[in-house]
> 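Questions regarding the structure given below will be posed in turn.
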Number of protein chains: 2
Amino acid sequence: MAAQPDAEPRPRVPLTKQRVLRTAVRIADARGITAVTMRNLAQELEVEAMSLYHHVPGKDQLLDGMAEAVVTEINTAVGLDATPPADPPPPADGWKAVVRGRILAAREVMLNHPWAPGVVGSRSTMTPAAMRYFDALTGQLLSGGLSPDLVHHGLHALGSRALGFTLELFQAADGGAPDPDAAEMMQQLAQQFPNVVAVLSAASHDGETTLGWCDDQAEFEFGLDLVLDGLERLAAR
Amino acid sequence: MAAQPDAEPRPRVPLTKQRVLRTAVRIADARGITAVTMRNLAQELEVEAMSLYHHVPGKDQLLDGMAEAVVTEINTAVGLDATPPADPPPPADGWKAVVRGRILAAREVMLNHPWAPGVVGSRSTMTPAAMRYFDALTGQLLSGGLSPDLVHHGLHALGSRALGFTLELFQAADGGAPDPDAAEMMQQLAQQFPNVVAVLSAASHDGETTLGWCDDQAEFEFGLDLVLDGLERLAAR
DNA sequence: AAGGTAGCCGTACGTCGTAAGGTTGGTCAA
DNA sequence: TTGACCAACCTTACGACGTACGGCTACCTT
């Protein structure tokens, strides 16, 4: 009973670190970071879990690789990988506009990978791609006339904002069921926390009943501009 | 062979949500958040793992409780739980100094619980203690003359900084082994990432060989002041 | 004394990361 | 042609995790 020669064509696409990482990112995008498990990942690649260890040292380095992949995506998005056009036109806009644009581009990439902030944030090591990104950013700030010291502090002040995301402390309450007695509850809330309710009700000047939630993008840009303007002012001193 | 009555004195301190949470915090402080496991926690309390479920619905709510506990600690640290002295003296300092002090106090608590930023940051829900904290903070900003809208944006701009921590993107490289050929590696680094190296070497004006690492506290205060100053300026407009 | 009940325990299941060793198919020297 | 070699891949198994489920015990109420 010899094995039939063509029982299974066996395309057998060879596994690759690239392929593993790309698939991991795809799983995370589609089903969340918790679905990125060695077994799931292997199944998606039509392979056994342990085979992954020939291309990735372990789960931790897999996450490192995913973070690296996202930052790399940012780098290409802001044109950091393309060789500059020989004579890069000096930024017609001020450094602020350039940096702002770059960071908002990074944010766009992050928004496509909701799991990325958590992963990038939890990795301690500075990957090469992140280095590349920060080196370019640093260059923009330096050539903008900021002193090295100010650039240093500025990067710290930006923090994760430099990579296009912030840790959202109050998650979108995302009111699925528009609670019928929301008004009543609101009053109870207002009694306990008058100040936040005052601020929140002022924030939603259009819809006044349900607390119209925040515009994340606008808030991000506000905070970013606050920092950039502050740096500019300090540089001018 | 009747059970001897006093084989074990059995003090049998009753389990309590308080006791469970406090112990969890103690474990996290001593051995890191990964050591906070239902079994470990139970062992520390001299109890079986499943007994914890009578006081905590599950691991997730345990973490919620731990976050809540830390924020509560912050609240008492800034005197938010003490009933105010009837006639609270109007803040002699400006609102900025008050807010600044409050946030730095929060930071001190956070520094005592290195695991707390991660846990607080990963919880989406706004716990009552956090609400209390933010309500007070909001009140300070409002009574400082900031418009509700500005307060709203300002809180977003502060983000986790309002609770005394930032997501540290580049972890302390903490050079245990002062690599003998650090100079050589530094040169290699300088070739690939000239800008960051320039900034970093400028940052450590005292020690010039090893990149003298950053003063986290100073950086935190710099970023905080940058935001507060920016808000003040916007309020004055 | 009878019955309820809150608090605790024992066992077990499914999932996770991964250590250790076996199998296979292709490459290349003799 | 053949046989050694060696990646790439698979199989099995272990320990740790969160937690469902069903007991047991000690105390309270009536």
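Per chain, numbering begins at 1; letters A, B, ... match sequence-line order.
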> Figure out the CZ/P separation between Arg31(A) and dT15(C), and round it to whole Å.
13 Å
> I need the CD-C1' distance between Glu48(A) and dC10(D), as an integer number of Å.
6 Å
> What I want to find out is whether Arg100(A) reaches Glu221(A) closely enough, with some N-O distance under 4.0 Å, to be called a salt bridge.
yes
> Roughly how many Å is it from CD in Glu46(B) to P in dC9(C), rounded to a whole number?
10 Å
> Which pairs, with at least one residue in residues 30-39 of chain B and sequence neighbours excluded, count as a side-chain hydrogen bond (donor to acceptor under 3.5 Å, both in side chains)?
none
> To the nearest Å, give me how far apart CZ (Arg19(A)) and P (dA8(D)) are.
13 Å
> Hey, is the main chain of Ala162(A) close enough, under 3.5 Å, to the side chain of Tyr133(A) for a donor-acceptor pair?
yes
> Hey, does the side chain of Asn75(A) reach the backbone of Leu80(A) with a donor-acceptor pair shorter than 3.5 angstrom?
no
> How many Å lie between NE2 on His55(B) and P on dC9(C), as a whole number?
11 Å
> Determine, for nucleotides 14-24 of chain D in 5'-to-3' order, which nucleotides have protein heavy atoms under 4.0 Å from the base (write B), from only the sugar-phosphate (write S), or from neither (write -).
---BBBBB---
> As a quick check of understanding, evaluate salt bridge (charged side-chain N to carboxylate O under 4.0 Å, His left out) for Glu68(B) and Arg123(B), giving each step before the final call.
CA-CA 10 Å; Glu68(B) 176 87 349; Arg123(B) 306 288 95 192; over 6 Å; no
> Please report, rounded to the nearest Å, how far the C1' atom of dA19(C) is from the CG atom of Leu52(A).
15 Å
> Write down the atom of Leu137(B), the atom of Arg102(B), and the distance for their closest heavy-atom approach.
N-NH1, 4.1 Å
> Would you kindly give the CD-to-C1' distance between Gln61(A) and dT18(C), to the nearest whole Å?
12 Å
> Output the rounded distance in Å from CD (Gln43(A)) to C1' (dC16(C)).
15 Å
